[in-house]
Student: 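Please see the structure below; I have some questions.
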Number of protein chains: 2
Amino acid sequence: MEVSEIDEEREDLVQRVANALSANHGASTGEIAAAADVSRATLHRVFGSREDLVATVYGWLLEQCDRIFDGSGIDQAPVLEAFDRLVEGSYPIAQSYWMLIAKPELDNVPEFQQGMADQDSRLEKFFARGQAEGVFRPDMSPRWLAYSLGGQIMSAWYLVEDGYAGALEVPRLVRAAVIEGVLARPGG
Amino acid sequence: MEVSEIDEEREDLVQRVANALSANHGASTGEIAAAADVSRATLHRVFGSREDLVATVYGWLLEQCDRIFDGSGIDQAPVLEAFDRLVEGSYPIAQSYWMLIAKPELDNVPEFQQGMADQDSRLEKFFARGQAEGVFRPDMSPRWLAYSLGGQIMSAWYLVEDGYAGALEVPRLVRAAVIEGVLARPGG
DNA sequence: GGTCTATGAGACAAATCTGTCTTATTCGAT
DNA sequence: ATCGAATAAGACAGATTTGTCTCATAGACC
């Protein structure tokens with residue numbers, strides 16, 4: 001058994017646990033284990049206590065977010081191209097990431113507070129860059145634009161979850177709604 | 001003690017319990033009681049079991065939503081006027097209402113499923129009406145526009161919660177972001 | 001085949017949560 | 001001042017959850 005396979009299995013497990021926790025924040029270790037398709041004993045062997053498990057999942061989500069931001073070229077790629085890649089990349093973990101925001105379980109863990117603040121700042125800088133380049137309107141704070149995008153991606157996740165759109169439509173829908181707005185335009 | 005005062009106190013209590021549950025979905029009755037500033041005994045006397053308590057809060061939130069929709073003139077008022085009142089009215093309960101969406105606790109209670117489906121449909125109809133009147137762009141489904149607005153209001157709630165905007169700015173911010181979009185326009 | 005490792009199943013005590021009760025206190029009304 | 005209703009505080013048993021342990025099984029590797 002190779003090391004990379006171990007890692008892959010472990011990451012798959014973390015992913016499944018994250019999904020289980022996202023779907024039901026207060027799930028017991030028994031429910032999490034069932035949803036992740038492992039025994040409760042294995043869950044404890046791998047992650048330790050429930051608190052450790054949650055911390056591991058949170059840390060993993062923050063790492064995922066970092067990778068998605070990196071991969072989208074958020075810091076240097078042309079703004080509108082990065083925007084599309086950002087939406088496409090972050091949409092799958094939208095619900096899980098929202099759990100980070102909504103859950104106060106780890107409010108007293110400075111590491112996670114800092115990690116989330118860093119993600120927020122990075123997205124805020126992206127919109128500030130877009131404004132400086134004249135792409136985004138300058139009369140709303142980059143912070144609000146960042147929050148707004150996050151909410152749209154979350155909404156798109158639920159739209160797909162509820163069966164009203166396909167996953168492949170998400171980038172188009174979010175782009176149209178966020179970038180262009182919902183107003184009908186005589187000019188097209 | 002008059003009846004109306006009893007009702008007011010009860011409703012205040014429900015409000016505080018809703019806030020406590022919104023801030024921490026998995027809160028124990030002890031935590032909820034502490035957050036609502038009553039004893040755990042009173043909580044049980046008033047609401048019954050924990051499950052009954054959650055059901056009461058959920059029902060109350062759905063009623064609130066109905067009242068806000070009614071008050072905004074969602075079904076008949078001029079679209080853009082209703083839009084502003086909708087945002088302004090629903091913003092305070094945004095986080096609480098999101099709890100309804102995110103929590104599967106009452107998935108097996110048809111009453112709540114129906115109530116939420118009704119709210120969704122009502123908001124969807126609003127956007128369909130706006131499209132029919134030529135106010136909203138017709139190339140995105142009303143369902144997506146409804147979800148999108150919900151996400152924006154949620155984002156605005158967090159923006160205020162985190163101290164990056166004042167409550168009074170919310171209608172303007174949401175209106176600008178949703179209606180007009182974030183793109184800079186040569187035409188202003 | 002034999003061995004080693006990881007896992008699932010189940011049991012178990014400790015901790016936590018829930019629902020109920022009793023008692024004392026507070027507050028308003030008379 | 002006294003009464004009565006509502007509450008807070010605390011105790012309590014039962015249920016649930018958690019963390020740990022043991023044992024049996026399945027699969028990888030020699």
Student: Whole-Å distance between C:dT18 C1' and B:Arg50 CZ?
Tutor: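 The answer, rounded to whole Å, is 10 Å.
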Student: Nearest whole Å is fine: how far is C:dT7 P from A:Phe47 CZ?
Tutor: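 After rounding, the gap between these two atoms is 11 Å.
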Student: Hey, does the side chain of A:Glu31 reach the backbone of A:Ser28 with a donor-acceptor pair shorter than 3.5 angstrom?
Tutor: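 Present.
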Student: Run the salt-bridge test on B:Asp75 and B:Lys125 with the 4.0 Å N-O cut-off and return the result as yes or no.
Tutor: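 No salt bridge links B:Asp75 with B:Lys125.
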Student: Is B:Arg129 reaching over with its side chain to a backbone N or O of B:Ile74, donor-acceptor style, under 3.5 angstrom?
Tutor: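 Checking the backbone N and O of B:Ile74 against the side chain of B:Arg129, a donor-acceptor pair under 3.5 Å is found.
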Student: With distance as the sole test, does B:Arg137 use its side chain to make a donor-acceptor pair with the main-chain N or O of A:Gly181 at under 3.5 Å?
Tutor: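 A pair under 3.5 Å: yes.
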Student: Starting from P on C:dT20, measure out to NE2 on B:His44 and report it in whole angstrom.
Tutor: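 Interatomic distance, NE2 of B:His44 to P of C:dT20: 7 Å.
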Student: Once you round it to whole Å, what is the distance between C1' of C:dT20 and CG of B:Asp52?
Tutor: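 After rounding, the gap between these two atoms is 15 Å.
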Student: For the pair made of CD in B:Glu51 and P in D:dA15, what is the distance, rounded to whole Å?
Tutor: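 Rounded to the whole Å, the gap is 17 Å.
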Student: With a 4.0 Å heavy-atom cut-off, tell me which residues in residues 28-43 of chain A come close to DNA chain C, sorted by residue number.
Tutor: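 Here the set is A:Asp37, A:Val38, A:Ser39, A:Arg40, A:Ala41, A:Thr42.
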Student: Take the protein atom CZ of A:Arg45 and the nucleotide atom P of C:dT5, then report the distance between them rounded to whole Å.
Tutor: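 Roughly 14 Å, once rounded to whole Å.
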Student: Nearest-Å distance, CZ (A:Arg10) to C1' (C:dT7)?
Tutor: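 Distance, rounded to whole Å: 11 Å.
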Student: Nearest-Å distance, CG (B:Leu53) to P (C:dT18)?
Tutor: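 Interatomic distance, CG of B:Leu53 to P of C:dT18: 10 Å.
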Student: Do the ring planes of A:Phe127 and A:Phe83 sit parallel (below 30°), tilted (30 to 60°) or perpendicular (above 60°)?
Tutor: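 Because their plane-to-plane angle is over 60°, the rings of A:Phe127 and A:Phe83 count as perpendicular.
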Student: Any Lys/Arg nitrogen of B:Glu169 or B:Arg172 sitting under 4.0 Å from an Asp/Glu carboxylate oxygen of the other?
Tutor: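 B:Arg172 and B:Glu169: salt-bridged.
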